[in-house]
Structures are given as C-alpha cells and as structure tokens.
Amino acid sequence: MLDIKLVREKSDYVRERLSTRGSGDENKISELLQLDEQRRKLVNETEVLKSQRNRVSKEIGALMGQKKLEEAEAKKAETRAMGDQIAALDKQVAEVEQKRDYLQLTIPNVPHESVVVGKTAADNPIVRVHGEKPEFAFQPKTHIELAEASKLIDFNRGAKLSGSGFLLYTNWGARLERALINFLLDLHTTEHGYTEVAPPYIINKECMVGVGQFPKFVDQAYAVMKGTDTESPAQYLLPTAEAPVANIHREEILKAEQLPIFYCAYSPCFRAEAGAAGVGTRGMIRVHQFDKVELIKIVRPEDGYAEHEKMVANAEKVLQLLELHYHTIMLCTGDMGFGSAKTYDIEVWAPGQGQYLEVSSCSNCEDFQARRMNLRYKDEKGENRFPHILNGSGTALARLFVALVETHQQADGSIRIPAPLQPYLKADKIPG
RNA sequence: GGAGAGAUGGCUGAGUGGUCGAAAGCGGCGGUUUGCUAAACCGUUGUACGGUCAAAAGCCGUACCGGGGGUUCGAAUCCCCCUCUCUCCGCCA
C-alpha cells in the first residue's frame, strides 16, 4: 500500500504516476484523502476527551485513596456520560479507518520513473535478447505431440484425476520435472547466494493481503476448508511461493545487519485462472497447477534497483544454461502487476508454439508489500524503515518444460538434454 | 480429538482494579575509569497515531501487556469469545 503521508503531501504526483497505469485508480485518491482528513479530525476529538477522562480518573483514584468517597462519587457521576461519548467517537473512527484501510489496499503501487509509459503488452520494450530462434531441418513438433509420443504427460488421465488444467506427469516427464526443480534450486543456492526455504502450501489470508493478491484477486485463489467445516477461517492454496516466502518476516523489525535477505523456494502454484483463456484446452501453457522456483529478496531501499537487475540476471542464467533462446522485456506502466513498481518479464522461445512464453516475472515492489505486512528494519540511526521486497520466478516450470522439449527435440523424436541438466536427469537425452 | 498450563517491552521475568508504559535482571547505546581489553560504576533505552513546528529536534496528547468484545469514572489486572504455544493422552504419515 502507498504511504498515506506521501499521498497527503504529494497527491498530484501520486495521481499522475497512478494514471500511467491506465486503470483509473488515481480517481481513488480524492476519496482516500477525504477519509484521511475525516479520520484525523475524529481522532483529535476523541483524544481530547480521553485526555480529560484520564485526568479525572486519576483524581478519582486519589480521592478514593484519601477516603473522600463522596467527592469521588460526584466526579464519577460527572464523567459517566463521557464514556458513552468516547465510545461513540471511537466507533466512528474505527469505521472511517476501516474504509480508509480497505481503499488503500485496493490502490496499486506507483510505477517507478524508469518504467516506460504504455497501455498494453504491445508497448513493452525488449531490453535484451539471448541466442536466436533455432533452425530445424524438420517440422518441429509441439510439446503436446512430444509429450504424447514420449509419454511424458498423460493429459487425459490428468483431467480424469482432477479436471481440465491439471497434469499427470509420467515416467520421463515426471523425472524431467523433478530434475528441473533440483537444477534450479541448486543453481540459485550455490551460485547466486539464495537461501533455500520450503514453505507451507496452504496459507492464510494475511499472506495473500501482504503480497497484494488480496483483496483484488480473491477470485483467482483456491480456498480450502477442513472437512465439512465452512465456519473456520479460510485458508488458501498458494498461487506462488512469493505469498508465503515474502511474508516470512511479516510484522517483524529486522536488524540492519540481517539485510539483505535472499530466499529461494520451490512450490507448486495453484491458480483458479477464472475467466482466463487457455484453460480448458490441452497443453501446458496455462494450467491450474504448476511448479515454480521463486526468488525473494528483502533489501534496503537504496539497494532495491541494483538487486532487481541482479535478480533478473539470476533468472536469465537458467535459460542460458539450458541453451534456450529468450528475450527480456520491461513491462510498461499499463501492463504491470498490482504491487509492482517495476517489472521485467523473461519470455522463452517455444518453437513448437511459434511464440515466446513468459517463464519469469521479476518485480521490485519497493515498500508496497512491506507496508502491507508491516515489515520493517532498524537502520543505523535506529530508525524503523520499510525495506524493498523483490520477487522473481526463477523460473516457472511448466512453460520451461515446454520450451525445453520443443527446442531440443531431435529428428528421431528424442529430446536432447543440455549438459548442466544431465546430472540431474541422469541421462543425456529422453528417448523418442 | 480429549485434559491441563501459558502468552507482559530486544530477551528473561515481576506485576490480580487507580500516578503501571509497566519492577528487576540481561542485552543495546552513551559516559567515567583504562596503555589496550575486561571488569566496575553512572546515565539512557519500545511502537504507532494525532497535535505543535516551514522542517527536523523537541514538546504535548492518545493508544498499545497475544487478538477481539464486555464490566467500570478508571483494566496488564475482572468477565466472555478467538488465535497461538507448551505438556500429557488418543489418532496418524
């Protein structure tokens, strides 16, 4: 969420930056300011009253001590009505505060000034290209054809077990998936300095609010309940490991020397994808459950953008080692996610699809999430500050799987395994 | 799932209706002493919000003793609900 003081003091700036997103959220600022103003007025009123009450209460206490009971009773009668007045005002404050807080949670982050202003994905500039589209002496197959031919994935039985958008990996497919996960975790932990964590897959609402998934994207989440118990507070299947991992230090005040914190985590990701195109058709491009290795950084604000660039490089390294052609784009203001101030997407080339697939999205959310989860650190001056929180996929698996098999498919139907992955799969190719 | 115990400041831990934002100890910070270190001694030590101020500092106020509600002139303290932790039993990968 945005710093209310910033909104108060630089409302025009905030409005202007928000308007570049093209979502109309800048129109919420006036209401926010109004609620803020109203709250401050009410808070002031109640505090004056409370101050009075406290004073009289102390006097009563003193009188009781001196056994001057009649005088004490008189004062009690005098202040009795104050309690109700205070209670009524407190209620008003709570109401206004609730409205303000909710409104604040629905306003997206302000884009960083280095972000290109644009409306849609078509406006996203390409910032880097690695390799080039591979040439094939034969007609390259799609991952669906390859997966069926080599029995990597049983699409029909996956759907039977769960529904459309769920995959059953089989034999070499399951092994390849596992090999990729281990390869990614090892790369980031041993080469890039991340500490591996394994979070719960069922998480509470606070995690979702903290990273900005809620309240806006509740309809995209899977809620879970215990047995037939519809009463207990809902928990959710994680849509990304970002949700639990970024929240590890929620409501903490970290010591300056604890920063920077680099975490990486494997998890499956569950997405309802309500209303999305592509679920319901076969394939692995858009599914309800996929594996991902996520990268999270918690850093000092002054380091945020340098660490952001490094994080993107860490994710790109994956594709380089797997000998895949990709390009990195910067999301324009209109295409950025809710909590992000700046985002790079990495898109890998999938020859069978004839298109680039997003396998990583690396964002600096600045202090937007830290404010939501009240995560702070104490700097050298002893002041509490909000750190920058960064998240990036390093990378998403299902689409990486697609790019890998489509890129490295051979004329004989086998799939070549790039050298860095071979020790993990314990094979140099998947037979056709 | 059953029974019991607990949750207080960075940590340990006292506090059962009134100068308690909270004793004491530890830690941290500053200082004295010292060739240096240590010890000892002295001082200091939370967070948020609101107000004041051009701003910072400072000052004033309010709230915060797991969370929410209640009783009361007044709640860390009494009552109710919830969450979490620990111990024992049961079940279980």
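Just so it is clear: chains get the letters A, B, ... in the order the sequence lines come, proteins before strands, and each one is counted from 1.
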Fill in the blank from the handout: Regarding the side chain of Ile60(A), the nearest nucleotide among C49(B), C73(B), G21(B) is C73(B)
Handout entry: For atom NZ of Lys75(A) and atom C1' of G74(B), their distance in whole Å
Key = 14 Å
Can you name the atoms? Protein N/O to nucleotides 54-58 of chain B N/O, anything below 3.5 Å, with the distance.
none

Problem - Listed nucleotide nearest any side-chain atom of Met64(A), set G18(B), U47(B), G51(B) - result: G18(B)
Practice task
With heavy atoms under 4.0 Å as the rule, sort Arg385(A) into base, sugar-phosphate or nothing.
Solution key: nothing
Completion exercise
To the nearest angstrom, the CG-C1' distance between Leu49(A) and G51(B) comes to 15 Å
Practice task
Send over the distance from Leu63(A) CG to C73(B) P, rounded to a whole Å.
Solution key: 15 Å
Practice task
Find the distance Met82(A):CE to U62(B):P and express it as a whole number of Å.
Solution key: 11 Å
Problem - Dot-bracket encoding per residue of RNA chain B, Watson-Crick/G-U cut-off under 3.5 Å, | denoting interstrand - result: ((((((((.[[[..)..(.....]]]((((((.......))))))(((((((.....))))))).[[[[[..)....]]]]])))))))....
Problem - Residue Ser57(A), side-chain heavy atoms: nucleotide from G50(B), A63(B), G74(B) that is nearest - result: G74(B)
Handout entry: Euclidean distance, atom CD of residue Gln104(A) to atom C1' of C49(B) [Å, nearest integer]
Key = 13 Å
Exercise for the section: Round to a whole Å and report the spacing from CG of Asn54(A) to C1' of G61(B). Expected result: 10 Å
Handout entry: Distance in angstrom units between Arg100(A) CZ and G50(B) P, rounded
Key = 7 Å
Fill in the blank from the handout: Between CZ of Arg53(A) and P of G18(B) the distance, given in whole Å, is 17 Å
